[in-house]
Amino acid sequence: MSVNNRQLVLRKRPQGLLAPGDLELTQSTVPDLQEGQALAKVKYLSIDPTMRVWMAVDSYLPAVVIGEVMRAFGFAEIVDSRHPDYKKGDRVTGLTGLQEYVILDGSPRQGFHKVPKIPFVSDTVFLGVLGVNGLTAFFGMELGQPKKGETLVVSAAAGATGSIAGQIGKIQGCRVVGIAGSDDKCEWITKDLGFDAAVNYKHPDWKQKLAAATPNGIDIDFENVGGEIMHAVLDRMNLHGRVILCGLISGYTKGDPGLASFAMALVKRLRIQGFIVLDYASRFTEAATQLGQWKMFGKLKDREMIVEGLEKAPDAINMLFTGANTGKLIVKI
Ligand SMILES: NC(=O)c1ccc[n+]([C@@H]2O[C@H](COP(=O)([O-])OP(=O)(O)OC[C@H]3O[C@@H](n4cnc5c(N)ncnc54)[C@H](OP(=O)(O)O)[C@@H]3O)[C@@H](O)[C@H]2O)c1
């Protein structure tokens, strides 16, 4: 029986936010499965800022080739298999791409691994708190080597990664200050997630508020944004502070690196450590187990925003850059 597959194909490298026509919705027929392949139906797509980078330039992965299905992480269920490791009904996460069906070939390039069914827990956790974002927050915070009583500042603090990183900081005994782009987001991270303070960077006096919220300076910067925000945070770093360079989202749509001045890195003898979560693949199970326990015992709270329909994925990607999301952004197919 032939299976129709709707796919979002990269047609143009975006300038700024995604414009109509950068990704085109197309249809194709899924080819017959070969020995060693399995067919999975994609249920949820993870919407990540790095997708905008993948559309534009070579980075830690090569840029998506024009004319190919747009790369994306997703959650999928096996519907047919000629692969010894996969059977019908298995649930997997990996690089599904922005499409309704994906053929798995078991290669590391696709990065698929099986995930369990957890009673009373939504499958979407495997894209957020127990997926890329939770793992990124976990390993990033490990790099920051937090000590009890230190001050941690997290930017994009109400986003999928920042909201978890800040809560891990609380678990580890830090004073945690979040920087976010609305009063509602600031209220969520302080009232619901337990951050000690939050600063809305869209208020004109936000730098004074950051100073007031960090009276003892800043020991650890969990940096998701770069640019002016990172600059202001570096200005308040303590001697020998640690900067966990997780992301530089303020530069992704502008084609600049979004870096802050390095003068403070020199003057304050900072340790700046960039990382990519994929480097830690061999420890994902260990980290997901810890994150799962924290979630089960109510120490980690997460929030998801679900957008319905594959065709909405381009708009959803843009939501990350206008701050329209709180918590993990997901497209449901
Ligand atoms: N190193 C890794 O392996 C790795 C893995 C995953 C993610 N990341 C990085 O982590 C960061 C967060 O990713 P995420 O998936 O968790 O996304 P997210 O935080 O859920 O969403 C992005 C948020 O960034 C904020 N933002 C966007 N443009 C901004 C700007 N110009 N200035 C200030 N804030 C801006 C917006 O919140 P506001 O309303 O607060 O502005 C937006 O909601 C990104 O930089 C991403 O590249 C890195």
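Order of listing sets the numbers, starting from 1, for every ligand and every atom in it. Residue numbers run from 1 in the order of the sequence given. Values in this document were obtained by computation on a predicted structure and should not be read as measured data.
- Below 4.0 Å from some heavy atom of I249 lie the following atoms of ligand 1, by number and element: 22 (C), 24 (O), 26 (N), 27 (C), 28 (N), 29 (C), 35 (C), 45 (O).
- For D235 and K268, the salt-bridge test fails: no basic side-chain N is under 4.0 Å from an acidic carboxylate O.
- Within 6.0 Å of NZ on K170 lie more than 12 heavy atoms contributed by other residues, nucleotides or ligands.
- In the model, S155 has no side-chain atom that pairs as donor or acceptor with a side-chain atom of N224 under 3.5 Å.
- Listed by atom number, the atoms of ligand 1 under 4.0 Å from P49 heavy atoms are 13 (O), 14 (P), 15 (O), 17 (O), 44 (C), 46 (C), 47 (O).
- At a heavy-atom distance under 4.0 Å, no atom of L329 approaches ligand 1.
- Considering backbone and side-chain atoms together, F275 places an N or O closer than 3.5 Å to an N or O of ligand 1.
- The distance criterion of under 3.5 Å between nitrogen or oxygen atoms is met by V277 with respect to ligand 1.
- Considering only non-hydrogen protein atoms, atom 47 (O) of ligand 1 sits nearest to Y252 OH, 2.8 Å.
- No hydrogens or angles considered: nothing links the side chains of S163 and K301 as a donor-acceptor pair under 3.5 Å.
- Residue contact annotation: C246 has a non-hydrogen atom under 4.0 Å from ligand 1.
- For the side chain to side chain donor-acceptor pair (under 3.5 Å) test with N5, the passing option among Q99, Q27, E100 is Q99; the others fail.
- Between Q7 and S28, the side chains place a donor N or O and an acceptor N or O closer than 3.5 Å (distance only, hydrogens not considered).
- Here V225 has side-chain heavy atoms under 4.0 Å from ligand 1, and that is the only part of it that gets that close.
- Looking only at distances, no side-chain donor or acceptor of R71 sits under 3.5 Å from a matching main-chain atom of V69.
- Within ligand 1, the atoms closer than 4.0 Å to a non-hydrogen atom of A160 are 16 (O), 18 (P), 19 (O), 20 (O), numbered from 1 in the order shown.
- Contacts with ligand 1 closer than 4.0 Å are made by heavy atoms of both the backbone and the side chain of L320.
- For ligand 1, the atoms lying closer than 4.0 Å to a non-hydrogen atom of N325 are 18 (P), 20 (O), 21 (O), 42 (C), 43 (O).
- When only modelled atom types and interatomic distance are considered, D184 and S182 share no side-chain donor-acceptor pair under 3.5 Å.
- Closest heavy-atom approach to atom 4 (C) of ligand 1 within the set T136, N224, T322: this belongs to T136.
- At least one N or O atom of T161, backbone or side chain, sits closer than 3.5 Å to an N or O atom of ligand 1.
- By the 3.5 Å distance cut-off applied to N or O atoms, T50 is not counted among the residues near ligand 1.
- Ranked by closest heavy atom to atom 36 (C) of ligand 1, the top entry among A198, G323, A156 is G323.
- Annotation for ligand 1: atoms under 4.0 Å from non-hydrogen atoms of G159 are 18 (P), 19 (O), 20 (O).
- Partners of R271 by side chain to side chain donor-acceptor pair (under 3.5 Å), not counting sequence neighbours: none found.
- When hydrogens are left out, the protein atom nearest atom 40 (O) of ligand 1 is G181 N, 2.8 Å; that is the closest non-hydrogen contact.
- The ligand atoms of ligand 1 that sit less than 4.0 angstrom from a heavy atom of G247 are 9 (C), 45 (O).
- Close approach of ligand 1 to I229 (heavy-atom distance below 4.0 Å) involves ligand atoms 33 (C).
- Within ligand 1, counting atoms from 1 as listed, the ones closer than 4.0 Å to a heavy atom of N133 are 14 (P), 15 (O), 16 (O).
- In this structure, a donor-acceptor pair under 3.5 Å is present between the side chains of Y60 and T50.
- In this structure R91 satisfies the side chain to side chain contact (heavy atoms under 4.5 Å, CB included) test together with F75, E77, V115, K117, D123, F126, sequence neighbours excluded.
- Between the CG atom of L8 and the CD1 atom of I317 there is a distance of 8.0 Å, given to the nearest 0.5 Å.
- Nearest to atom 34 (N) of ligand 1 among the protein's heavy atoms is Y201 OH, 3.3 Å.
- For ligand 1, the polar-atom distance check finds no N/O of A180 at less than 3.5 Å from any of the ligand's N/O atoms.
- Here K185 has side-chain heavy atoms under 4.0 Å from ligand 1, and that is the only part of it that gets that close.
- Using the six-membered ring where Trp is involved, F275 and Y280 have ring planes that are perpendicular, over 60° apart on the 30 and 60° scheme.
- Within the structure, ligand 1 has G327 among the residues with a heavy atom less than 4.0 angstrom away.
- Under 4.0 angstrom from ligand 1, the non-hydrogen atoms of L248 all belong to its backbone.
- Rounding to the nearest 0.5 Å gives a distance of 10.5 Å between OG1 of T96 and CE of M70.
- With hydrogens and angles ignored, the 3.5 Å screen pairs no side-chain donor or acceptor of D196 with any backbone N or O of V177.
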